[in-house]
Amino acid sequence: MSNLRVRFAPSPTGYLHIGGARTALFNYLLAQKEKGTFVLRIEDTDVARSTQESVDAILQAMDWLGLSCDEGPFYQSQRFDLYQEKIEQLLSEGKAYRCFCTQEELEEKRNRAQAEGRKPKYDGTCRDKTGQSTDQPHVVRFRFPQDGETSFNDRIKGVIRFANEEMDDLIIRRTDGTPTYNFVVVVDDATMGINLVLRGDDHVNNTPRQIPMYEALGFEVPEFAHVPMILGADKARLSKRHGATSVMAYRDMGYLPEAMVNYLVRLGWSFGDEEIFSMDELIEKFSLDNVGKSAGVFNPEKLLWLNAHYIKTGDVSRIADLLKVHLQKLGVDADAGPDLEAVVRSLQERAQTLVEMAEGAKFYFADHVDYEEKAQNKFLTADKKDALEAVIRHLEGMNDCTEESVEKAFAAMMEETGLKFGKFGPSVRVALTGTTSSPSNYEMIAVLGVEESCRRIRAAITALV
RNA sequence: GCGCUCAUCGUCUAGCCUGGUCUAGGACACCGCCCUUUCACGGCGGCGACGGGGGUUCGAAUCCCCCUGGGCGUACCA
């Protein structure tokens, strides 16, 4: 295909959700891979439901994921003149007609048809009417061919056919004069030169309705590729009741964008046994050939695993920057404490999200260590006094404060006192953190520094029970 | 209801097009062992699937048909 042109066309009636993000990602990857063009179009023909906040939220989410577009965003609400022109064209060519049926009449007919077991389809009352005054309220319908079939070769699903008699005469202009989705999407995709429409599975049924419109308008019909839906654990379409579905909610929960991208791409696409992909690798390896046909269940645990992976292997200074935000949310001033990068290094292998990391980092920045009751009762007992004092002595005797020197200081202390690590190590941990679960004592002391570490141990000595 | 569509471990998937190399491979989760200064990381191992029934064939996860189940659509929403 020469010069691939794809698009992502969200309607701004909410946040960018997981499913939309994956569709956007697939489009982006394909455009990058083929050195094509990725167009972003905002589908806001439903003026009542579209909001600027939603537009901003979607843009922000795409930016977070690193999905930059080459053209756009274009707004359908600013292209009404074009749609109007095309509707007039179809009208004058007899390919569309005015329909004066009221919504109530239509609804009644639909209900009756359903009750009698017939297809709920427009009955064509106004199809061949003439001489109606255009002053009367009316919609415009597309005159859909009623014979034969419409088919297309979906790049993911293969050949799909529909009998034309199944198709309705779609309303393309509402009574209030605004155009409807199935029409504008055709006009836009055609005039924007989109030659591959890569979108969600839920649009398969729209495709045979749109193809005749391309033809009626004299446009070339693009290729289509429909990516399977994302379902929740109960196999129902993914929705809020399955948990967070907004992409940005995951950022707030401490997820890294590369984890989200990696997770999303593997839901429906695979490359042999590989699980971990950077964006660059994806651009190189992504292909519609390896996109599956069946719907997939959103699995938050695998996303979490990927997130942990990227936290573990991520660039320390970047993680530190991101961590700051989450620390702030916990009311911690990241600048008033030990070196943030050192903090990150000590926590990287222990946190699955940045939120978790921030929680785990809190103790580094605490003025006063709050002891967990159980930990205090078990490890901060009066008989530890001598050992803790010995630890302080040896720590203060160090020339520098690296993990290695701390380890040596502990070794010397054990040598001198004859104590095994288990006799005082956990107590030091509780003195430093207030809990029994943390990075190693050596690491923590190296991060906190001698002065702060000893201050905490002294404080613990005064709190022995 | 009708139309479209999908169907391999609990989940994401490889394999299917070009039947035999599949006692069906990998990953997440789960369980066990090892490592270990706690918590983690890591290593090793285990559990676990071709939805059912008919064909075709020497041989079917792979090809065909039926059934069942799931998803989507059926708007003056997109």
Side-chain angles (χ1 to χ4, degrees), chain A residues 9-13 43-46 48-50 76 99 101-103 106-107 110 113-121 137-141 154 157-158 160-163 165-168 170-182 184-185 200-209 226 228-231 233-237 263 266-276 290 292-306 308 312 347-352 360 375 379 407 410 420-422 424-426 428-430 433 435-443:
Chain A
S11 65
T13 54
E43 311 235 314
D44 54 354
T45 51
D46 185 345
R49 293 202 305 154
S50 302
Q76 292 185 322
C99 170
C101 299
T102 66
Q103 275 186 72
L106 256 20
E107 185 138 354
R110 197 161 35 234
Q114 216 138 25
E116 292 170 12
R118 289 180 289 112
K119 291 186 215 310
K121 181 180 160 183
H138 64 274
V139 300
V140 174
R141 286 181 184 272
D154 192 280
K157 295 177 173 292
I160 299 179
R161 316 167 175 282
F162 292 81
E165 60 177 0
E166 295 293 332
M167 248 63 75
D168 221 338
L170 243 44
I171 289 171
I172 58 177
R173 186 172 73 194
R174 303 181 183 96
T175 306
D176 68 5
T178 58
T180 59
Y181 168 76
N182 275 110
V184 298
V185 79
D201 216 345
D202 46 339
H203 287 291
V204 172
N205 294 277
N206 288 144
T207 308
R209 304 161 155 216
H226 289 96
M229 302 271 81
I230 298 179
L231 312 176
D234 59 357
K235 304 263 184 179
R237 187 191 196 132
Y263 177 70
R266 277 288 288 106
L267 219 191
W269 174 84
S270 60
F271 193 80
D273 285 344
E274 292 182 42
E275 295 287 349
I276 307 293
N290 300 319
K293 294 180 178 184
S294 47
V297 174
F298 179 72
N299 182 347
E301 283 173 335
K302 188 145 184 181
L303 169 59
L304 186 61
W305 172 74
L306 279 163
K312 235 176 306 180
L347 262 16
Q348 258 179 318
E349 291 187 339
R350 290 162 235 271
Q352 293 187 286
F379 296 110
E407 188 169 356
F410 269 56
K420 294 239 170 96
F421 187 90
F424 67 98
V428 173
R429 182 186 315 287
V430 175
T433 70
T435 75
T436 53
S437 141
S438 76
S440 80
N441 280 326
Y442 306 149
E443 255 182 302

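So that the names make sense, note that chain A is the first sequence line, chain B the second, and so on, each numbered from 1.
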K.L.:
Heavy-atom nearest nucleotide on RNA chain B for A/Ala9 versus A/Glu274: which residue maps closer to 5'?
P.N.:
A/Glu274

K.L.:
Collect all protein-nucleotide pairs involving nucleotides 2-7 of chain B in which both atoms are nitrogen or oxygen and the distance is under 3.5 Å.
P.N.:
{"residue": "B/C2", "atom": "O2'", "partner": "A/Lys119", "partner atom": "NZ", "Å": "3.4"}
{"residue": "B/G3", "atom": "N2", "partner": "A/Asn205", "partner atom": "OD1", "Å": "2.9"}
{"residue": "B/G3", "atom": "N2", "partner": "A/Asn205", "partner atom": "ND2", "Å": "3.3"}

K.L.:
At under 4.0 Å between heavy atoms, what does A/Ser270 touch on the DNA or RNA strands: base, sugar-phosphate, or nothing?
P.N.:
sugar-phosphate

K.L.:
Relative to each other, are the rings of A/Phe424 and A/Phe421 parallel, tilted or perpendicular (30° and 60° limits)?
P.N.:
tilted

K.L.:
Checking A/Tyr181 now: which residues fulfil ring pair (Phe, Tyr, Trp, His ring centres under 6.0 Å) with it, not counting sequence neighbours?
P.N.:
A/His203

K.L.:
Heavy atoms only, 4.0 Å cut-off, all strands: where does A/Val297 land among base, sugar-phosphate and nothing?
P.N.:
sugar-phosphate

K.L.:
So, using side chain to side chain contact (heavy atoms under 4.5 Å, CB included) as the criterion, who are the partners of A/Pro120 when residues are at least two apart?
P.N.:
A/Arg110, A/Gln114

K.L.:
Pick the nucleotide of RNA chain B nearest each of A/Ser437 and A/Trp305; which residue has the one closer to the 5' end?
P.N.:
A/Trp305

K.L.:
Using a cutoff of under 3.5 Å, can you pull out all pairs of nitrogen or oxygen atoms linking the protein to nucleotides 60-64 of chain B, with atom names and distances?
P.N.:
none

K.L.:
If you look at every strand shown and take non-hydrogen atoms under 4.0 Å, does A/Pro439 touch a base, only sugar-phosphate, or nothing?
P.N.:
base

K.L.:
Could you run down the sub-3.5 Å N/O contacts of the protein with nucleotides 31-34 of chain B?
P.N.:
none

K.L.:
Remember a base hit wins even if backbone is also touched, and classify A/Pro120 as base, sugar-phosphate or nothing at under 4.0 Å, heavy atoms.
P.N.:
base

K.L.:
Is any side-chain N or O of A/Glu349 under 3.5 Å from a base N or O of B/G42, one able to act as donor and the other as acceptor?
P.N.:
no

K.L.:
Identify whether any heavy atom of A/Gly268 sits under 4.0 Å from a base atom; if not, whether one sits that close to sugar-phosphate; answer base, sugar-phosphate or nothing.
P.N.:
sugar-phosphate

K.L.:
May I ask you to say what A/Asp46 touches in the nucleic acid, namely base, sugar-phosphate or nothing, with a heavy-atom cut-off under 4.0 Å?
P.N.:
sugar-phosphate

K.L.:
Remember a base hit wins even if backbone is also touched, and classify A/Asp44 as base, sugar-phosphate or nothing at under 4.0 Å, heavy atoms.
P.N.:
nothing

K.L.:
List in chain and number order the residues that pass side chain to side chain contact (heavy atoms under 4.5 Å, CB included) with A/Ser294, two or more places apart in sequence or in another chain; answer none if no residue qualifies.
P.N.:
none

